[in-house]
Amino acid sequence: MTIEFVRSAASVEGLPSDLLRELALVGRSNVGKSTLINALARQRVARAGAAPGTTRLANVYRVTEGGLPPFYLVDLPGYGYARGGDASAREFDALTRAYFRREGVNALLLVDARHPGLAQDVAAWRWVRTAVVDPAVVATKIDKLARGERIRAMRLWESVLEDSVLPVSAATGEGLKDLWTLIDRLLNRRPRRPRGHPEKAPSRRPPRNA
Ligand code: GDP
C-alpha cells in the first residue's frame with residue numbers, strides 16, 4: 001500500500017477530475033489529520049504539527065493498494081479557527097462546502113477522543129451527514145486517555161453523535177487496521193479475489209455514491 005501526495009488545491013477546480021473515488025477527512029484544526037495520514041502511510045507524506053488555522057488548502061493524496069481500486073484521500077481545511085474567531089462549524093470553508101457538492105465522495109469525520117461532545121464537532125457531524133450518504137467518525141489520540149477514561153469518552157461520543165465511533169491512535173498504531181477496514185467499507189472497495197477461486201469473486205455491486 002502506498003500513499004503519495006498529489007497536490008494542494010485552494011478551490012475545487014484544483015482537485016483531480018479523473019473519476020477515482022474520494023474520501024474526505026474532516027475535522028477541527030489540530031485534531032490530528034496530518035499525523036493520521038502519515039501513520040496510515042507509514043511514512044511522512046503530510047506536514048503535521050503546523051500552526052492551527054494556517055492551512056486553507058485541500059491536500060490530495062492518492063492511495064494505491066495492490067488489487068484494490070485506487071482512491072484519493074482529501075484532507076480538507078480544518079474548522080474551528082475561522083476568520084474573525086468564529087467558532088461555529090456551521091460555517092465551513094467555502095472550499096469544504098463546494099467540495100461536498102461533488103459526486104462520488106464520502107467523508108470521515110475526525111474528532112479528538114479527549115473532548116467528547118464538542119459542539120463544533122456535533123454540528124460538523126450533522127452537516128456531514130446531510131452532505132454524503134454514509135460517512136463515519138474516528139476518535140483520534142485515544143492513547144492520551146487512561147483505560148477508564150476512554151470507555152467513558154467513547155460512550156459519550158457515540159451517544160452524542162448517535163453512531164459508532166472508531167478509536168485510533170497515530171502514536172501507538174491502535175485501531176489503524178480497523179480504520180483500513182472502515183475506509184474500504186466507506187469506498188465500497190471489494191475484497192481481493194481469493195487465489196485459485198475465481199468463481200468465488202464477490203458480486204459486482206455498484207459503488208454507493210457513484
Ligand atoms: P491537524 O491540524 O489535524 O493536521 O493535526 P496534526 O496532525 O498536526 O496534529 C496536531 C497535534 O496532535 C500534533 O502535535 C500531533 O503530534 C498530535 N497528535 C496527532 N495524533 C496524535 C495521536 O494519535 N496521539 C498523540 N499522543 N498525539 C497526536
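Below, each value reflects all heavy atoms present in this structure, side chains not excepted, and no hydrogens, waters or symmetry copies. Atoms within a ligand are numbered from 1 in the order they appear, just like the ligands themselves. These figures come from a predicted structure and were not determined experimentally.
Residue-to-ligand polar distances place S34 within reach of ligand 1: an N/O pair is separated by less than 3.5 Å. For the pair D143 and ligand 1, the shortest N or O to N or O distance falls below 3.5 Å. On a distance-only criterion, T140 and ligand 1 share no N/O pair closer than 3.5 Å. For V168, no nitrogen or oxygen atom sits less than 3.5 Å from a nitrogen or oxygen atom of ligand 1, counting backbone and side chain alike.
Of the heavy atoms in V31, both backbone and side-chain atoms come closer than 4.0 Å to ligand 1.
In this structure, the side chains of Y79 and Q120 come closer than 4.5 Å at one or more pairs of heavy atoms.
Counting non-hydrogen atoms of neighbouring residues, nucleotides and ligands closer than 6.0 angstrom, the CZ atom of R7 exceeds 12 such neighbours.
Interface atoms of ligand 1 facing S169, defined by a heavy-atom separation under 4.0 Å, are 23 (O). Of all atoms in ligand 1, listed by their number and element, those nearer than 4.0 Å to a heavy atom of T35 are 6 (P), 7 (O), 9 (O), 15 (C), 19 (C), 20 (N).
The closest approach between G78 and ligand 1 stays at or above 4.0 Å for every heavy atom of the residue.
Salt bridge status for E65 with R189: present, with a side-chain N to carboxylate O gap under 4.0 Å. A salt bridge does not link K144 to D112: none of the charged side-chain nitrogens sits closer than 4.0 Å to a carboxylate oxygen. The existence of a salt bridge linking R150 and E174 is confirmed by a sub-4.0 Å separation between a basic side-chain nitrogen and an acidic carboxylate oxygen.
Between the side chains of S8 and N59, at least one donor N or O lies within less than 3.5 Å of an accepting N or O.
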